Amino acid sequence: MKTLKSSLIILGSVGLLFLGACGKADQTSDTNTTPPPPPAASQPASSAPATTSAAKGANGGQVVNSGAYHLEFVPEKEATGTHLDLYLQKGDKKEPVPDAKVTAQVQLQNGKQQTLALKYDPEGKHYAVVFPGKEPGQYPVKVNADINGEKVDGRFTFTQ
Ligand SMILES: [Zn+2]
């Protein structure tokens with residue numbers, strides 16, 4: 001009887017050891033198979049399609065963000081027509097982009113389009129042109145900027 005008892009004790013211990021080992025093994029395999037945490041929620045993609053924001057830009061104009069670029073359109077009524085300003089800026093720091101080819105396609109009241117080339121004004125850090133039309137109304141404008149072959153555009157309107 002004595003030997004049987006000790007055998008049971010030994011079996012019990014082995015069982016405990018086995019359970020312990022098992023637990024350890026499970027833990028290890030758990031860490032190994034746990035998938036890495038998902039990447040942090042993606043930030044608003046900078047490559048999102050261009051969207052017109054109702055918010056006013058830093059210069060009080062209409063804002064369109066296209067990729068890394070920030071376009072702000074500021075029309076100003078003048079005696080001879082409408083002075084069109086376009087601020088073309090890059091990145092979060094909104095650095096002015098001085099070396100782009102910028103044109104504005106203005107849709108006229110008769111349905112025709114007039115393309116105007118905007119010139120960079122280094123002092124004002126924006127592109128500008130005077131639209132000579134005097135007919136009152138709403139003018140949709142599509143601004144195209146070519147930054148060393150990279151093309152961005154934005155749609156705006158101004159009232160003459
Ligand atoms: Zn200007």
Side-chain angles (χ1 to χ4, degrees), residues 21-160:
C22 231
K24 260 186 198 161
D26 280 348
Q27 272 176 16
T28 320
S29 74
D30 269 1
T31 20
N32 283 347
T33 54
T34 303
S42 53
Q43 311 221 326
S46 57
S47 58
T51 46
T52 308
S53 159
K56 291 262 182 187
N59 302 287
Q62 300 157 45
V63 173
V64 166
N65 291 307
S66 179
Y69 295 97
H70 176 86
L71 290 82
E72 183 175 350
F73 179 73
V74 188
E76 251 177 83
K77 218 167 169 177
E78 282 179 4
T80 53
T82 303
H83 179 103
L84 310 176
D85 279 347
L86 183 87
Y87 292 80
L88 177 62
Q89 296 156 335
K90 191 181 183 180
D92 292 336
K93 287 186 183 168
K94 302 214 167 102
E95 290 184 51
V97 179
D99 49 3
K101 263 197 274 178
V102 181
T103 56
Q105 277 181 292
V106 181
Q107 185 160 355
L108 305 177
Q109 297 302 300
N110 61 14
K112 286 188 182 164
Q113 290 208 339
Q114 185 171 354
T115 303
L116 305 161
L118 280 76
K119 272 195 191 152
Y120 189 66
D121 166 10
E123 254 176 68
K125 291 180 177 164
H126 63 264
Y127 295 82
V129 72
V130 173
F131 170 68
K134 283 185 189 158
E135 212 176 320
Q138 263 226 332
Y139 291 81
V141 191
K142 188 182 173 212
V143 173
N144 299 291
D146 183 329
I147 307 130
N148 299 317
E150 202 180 338
K151 293 192 168 81
V152 295
D153 59 65
R155 289 171 190 277
F156 308 94
T157 53
F158 68 91
T159 311
Q160 171 68 40

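What you are looking at is a predicted structure, and each value in this text was computed from that prediction instead of being measured. Remember, it's 1-based here, ligands and their atoms both numbered in the order they're listed.
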Parallel, tilted or perpendicular: which one describes the rings of F158 and F73, with boundaries at 30° and 60°? tilted
Hits for side-chain contact (heavy atoms from CB on, under 4.5 Å) against E95, two or more places apart or cross-chain, chain-then-number order -> K93
Can you check whether G61's main-chain N or O pairs, donor with acceptor, with N59's side chain at less than 3.5 Å? no
Scanning both residues in full, the closest heavy-atom pair of N65 with H70 reads OD1-ND1, 2.8 Å
Taking 2.8 Å as the limit, list every protein N, O or S atom around the Zn ion (ligand 1), by chain and residue number. H83 NE2, D85 OD1, D85 OD2, H126 NE2
When every non-hydrogen atom of L116 is compared with those of P132, the smallest separation belongs to CD2-CD, 4.4 Å
Any donor-acceptor pair under 3.5 Å from Y127 side chain to P98 backbone: yes
